[in-house]
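Note on naming: letters A, B, ... go to the chains in the order of the sequence lines (proteins, then strands), and numbering restarts at 1 for each one.
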Amino acid sequence: MVIDVEACKGCDLCIDACPPRVLEMTVHEVNTRGYRYPRLLAGCTGCQACAQICPDFVFQVYKYDTPLELPLEDQGQQ
Amino acid sequence: MSDERIYLSTDSPPQEPAALVDDFTPSLITQANHHLCPGCGEPIAIRAAMEAIEELELAHSTITVFGIGCYTAFAHNLDVEVVQALHGRAPSVATGIKRMLPDGFVMTVQGDGDMVNEGLQEVLHAAARGENITCLLLNNGVFGETGGQMTTTTTLGQRTKTSIEGRDPHQHGHPILLSDLAATMDGAAYVARCAVNNAGNVARTKRYITRAYESQMAGAGFSLVEILTMCPTGWFVDTLEGPEYLQDTLAPVHNIGELKAP
Amino acid sequence: MSDRALLEGSEAIARAAVAAGCRFFTGYPMTPFTELLEHMAALLPEVDGVCMNAESELEAVGMAWGAATTGHLAATGSTGQGLSLMQESLSEITNARLPLVVFNMARGQGDYFQATRGGGHGDYRHIVLAPMDVPEAVELTGLAFELANQWRTPVMVLGDYYLAHTYQAVSVPSIKGAAPEVPDWALNGSSGGSGSAKIISPLGGGVEGEEGFDLGAHYAACAAHIQEMSAGVDPLIDIGFCDDADLVVAAYGSVGKFVRYACLRLRDAGHRVGYVRPITLWPFPSEAVHEAVAGAAKVAVYEQNMGQMVDDVRLATLGAVPVEFIGSPSWDHSGFGIGPDINVPDISERILEALS
């Protein structure tokens with residue numbers, strides 16, 4: 001996933017749209033226009049729901065040829 | 001707590017072998033930046049409309065007629081031919097184009113203020129004629145561009161700047177259910193209503209739009225896809241509440257589903 | 001190839017339009033425009049063209065707008081009230097730089113301002129041609145399509161009840177001629193997917209690297225184009241007996257033909273009267289009028305309205321010669337624009353009064 005944080009207007013639509021709930025808005029960090037933006041936790045399935053719902057075309061989605069095995073500590077706090 | 005979280009790097013494409021499955025914009029949207037408000041549903045609908053054109057390989061024969069509304073900003077951002085029409089008048093302009101280019105693919109993009117207020121007779125006449133065009137209605141139940149006034153599709157009880165205590169049928173009349181009206185026309189071949197308030201509905205929107213396009217390419221007659229879109233600015237709700245507000249306020253009146261299909 | 005025949009004005013104009021390459025026509029029936037629509041409906045299928053009986057004037061002008069974007073010559077029309085309904089689109093079509101011919105079979109002469117000032121919103125003008133009779137209408141219809149295509153602008157042919165319904169022997173070119181080639185700017189969908197798809201918009205072009213459009217720049221460009229047209233379109237005028245005239249009478253359209261005849265008779269009777277009959281009402285033939293009236297003691301303007309073209313005559317003469325309005329509104333009970341005052345004795349009397 002590539003997130004064009006500068007294009008984001010912080011609307012939060014992607015957060016609710018994400019089935020595995022691996023997107024999370026920043027709290028204090030903002031882009032140069034002053035908007036909060038999403039960050040990605042481990043567990044993305046490449047389903048493109050975020051890209052489809054995003055009004056500001058912030059997401060570029062890649063699918064790994066072979067799913068990535070991430071160490072357990074990278075799974076965040078979910 | 002968020003401090004403890006480990007976020008993945010998302011500032012560049014992955015290093016491992018991977019396939020791009022969804023670019024920032026579909027190829028027919030040339031300019032990603034736009035000045036529409038945060039949480040707006042219109043870019044989502046336009047994305048779906050352009051993806052469907054791309055998938056059906058219609059880009060080289062498409063002429064899109066834009067009405068006047070917030071979405072008009074996209075008239076210059078697309079890689080399909082565009083005619084900018086007046087508020088409400090897109091269906092007749094599209095008619096002139098289609099009659100001269102019967103093999104072309106002709107569609108309109110209009111809002112509820114444009115299509116259902118100003119241009120109601122245009123779209124209904126086009127439907128009755130069975131004009132072989134596709135009209136997309138982006139319906140958010142308010143005048144978004146002018147800042148949240150009541151339109152003919154505003155639902156009863158819905159608060160806008162010109163129905164401050166909520167739309168009252170005795171004072172403001174009842175909403176017009178455009179798709180239901182269009183579906184009664186013999187010339188209408190495909191009429192459907194959907195929404196872009198969640199990923200499932202976005203996928204459904206794209207499916208309906210695709211069917212409408214296919215209907216036109218088969219020469220079946222008039223097709224209309226009404227898309228309920230979020231307008232948190234005009235609704236005076238938080239962006240995050242937009243999808244739910246749509247579900248609770250618009251969707252119970254403007255019912256989602258295919259109203260007329262072959 | 002040209003056939004001479006006795007034709008109703010509406011039919012002659014319809015034939016001339018199709019001969020000029022018109023391939024799309026649409027309108028909403030309204031007296032005295034209706035017959036033009038009927039004749040186009042009969043003729044256009046013969047050349048694989050399209051004629052639509054629109055559901056309203058708003059939709060008629062919209063359909064013509066759409067057809068014009070495809071580069072095929074398109075036309076529409078109406079009269080009075082119907083033209084008023086079309087004005088919003090005509091204004092925007094002008095700013096979208098599209099060729100379109102508009103046949104205004106006016107009711108009387110009350111719509112001179114509407115026709116020549118650009119009757120809608122915004123700062124614009126379009127070319128207006130006012131024929132006096134059927135043969136001239138045939139000629140000007142051909143010219144209207146040429147000018148529309150050349151300048152990419154709406155061109156109005158301003159006629160009336162008399163023009164639409166009078167039968168005259170005319171030569172009309174064959175409708176089987178070839179239509180002009182579709183120009184490069186026209187849309188057909190093919191530039192889609194190229195990275196720079198075409199757009200035709202009354203709001204102008206896009207701004208590089210940004211969404212939306214630059215209306216300020218576009219309106220400036222439109223204004224420059226109107227100025228260029230104003231200077232570049234040859235003004236047409238019919239002038240007679242002005243060299244030694246004491247009084248010059250100005251009139252346009254069908255009424256102008258009656259005034260011309262009245263002047264001819266008055267000349268025969270020894271009165272030193274001349275006439276000017278502007279044919280292009282925009283651009284107005286100001287210089288020609290100025291020169292023609294230079295030796296006269298007075299200019300009289302005869303219109304069947306409260307005095308509209310008289311303003312343009314005053315502007316043309318720039319105070320060099322006194323200008324008097326000798327017309328008046330003239331309506332029969334139908335309101336269709338049949339002026340009972342349009343008779344040579346009545347007009348002659350007014351001219352003689354102005355002369356004395």
Counting heavy-atom pairs closer than 4.5 Å to chain C, which one of [options] comes out on top?
options	answer
Ala59(B), Ala75(B), Pro91(B), Gly104(B)	Ala59(B)
Leu58(B), Leu78(B), Leu101(B)	Leu101(B)
Ile63(B), Val106(B), Val65(B)	Ile63(B)
Gly119(B), Gly96(B), Ser61(B)	Gly96(B)

Identify which part of [X] has an atom lying under 4.5 Å from any heavy atom of chain C, answering side chain, backbone, both or neither.
X	value
Ala94(B)	neither
Leu28(B)	side chain
Arg99(B)	both
Thr62(B)	backbone

Chain B-proximal positions within [range] [heavy-atom distance under 4.5 Å]:
range	result
residues 190-203 of chain C	Ser190(C), Ser191(C), Gly192(C), Gly193(C), Ser194(C), Gly195(C), Ser196(C), Ala197(C), Lys198(C), Ile199(C), Ile200(C), Ser201(C), Pro202(C), Leu203(C)
residues 84-104 of chain C	Glu88(C), Ser89(C), Glu92(C)
residues 15-39 of chain C	Arg23(C), Phe24(C)
residues 45-77 of chain C	Val50(C), Met52(C), Glu55(C), Ser56(C), Leu58(C), Glu59(C), Gly62(C), Met63(C), Trp65(C), Gly66(C), Ala67(C), Thr69(C), Thr70(C), His72(C)

So does [Y] get a backbone contact from the side chain of [X], meaning a donor-acceptor N/O pair under 3.5 Å?
X	Y	value
His225(C)	Ala221(C)	no
Lys260(B)	Ala192(B)	no
Thr116(C)	Trp282(C)	no
Thr30(B)	Asn77(B)	yes
Asn117(B)	Thr152(B)	yes
Lys206(B)	Ala49(B)	no
Asp214(C)	Ala217(C)	yes
Thr162(B)	Met150(B)	yes

query = Would a line drawn from the ring center of Phe74(B) to the ring center of His34(B) be shorter than 6.0 Å?
reply = yes

Gap separating the OG1 atom of Thr141(C) from the CD atom of Glu146(C), nearest 0.5 angstrom = 11.5 Å

Please find the pair of heavy atoms, one from [X] and one from [Y], that lie closest to each other, and give the distance.
X	Y	result
Tyr124(C)	Gly119(C)	OH-N, 3.3 Å
Ser92(B)	Glu122(B)	OG-OE1, 2.8 Å
Val142(B)	Asp112(B)	N-OD2, 3.3 Å

Full working for side chain to side chain contact (heavy atoms under 4.5 Å, CB included) between Val83(B) and Ile97(B) = CA-CA 10 Å; Val83(B) 175; Ile97(B) 297 169; 3.8 Å; yes

inquiry  = Run Ser230(C) and Gln227(C) through side chain to side chain donor-acceptor pair (under 3.5 Å) and show every step you take.
reply    = CA-CA 5 Å; Ser230(C) 166; Gln227(C) 272 182 337; over 6 Å; no

Return yes if a side-chain donor-acceptor contact under 3.5 Å exists between [X] and [Y], otherwise no.
X	Y	answer
Ser27(B)	Glu54(B)	yes
Asn139(B)	Glu226(B)	yes
Arg129(B)	Thr95(B)	yes

message = Test side chain to side chain donor-acceptor pair (under 3.5 Å) on Thr229(B) and Glu42(B); report intermediate values, then the result.
response = CA-CA 6 Å; Thr229(B) 59; Glu42(B) 291 179 352; 4.6 Å; no

key: Electrostatic pair Glu131(B):Lys98(B) at N-O distance under 4.0 angstrom   = no

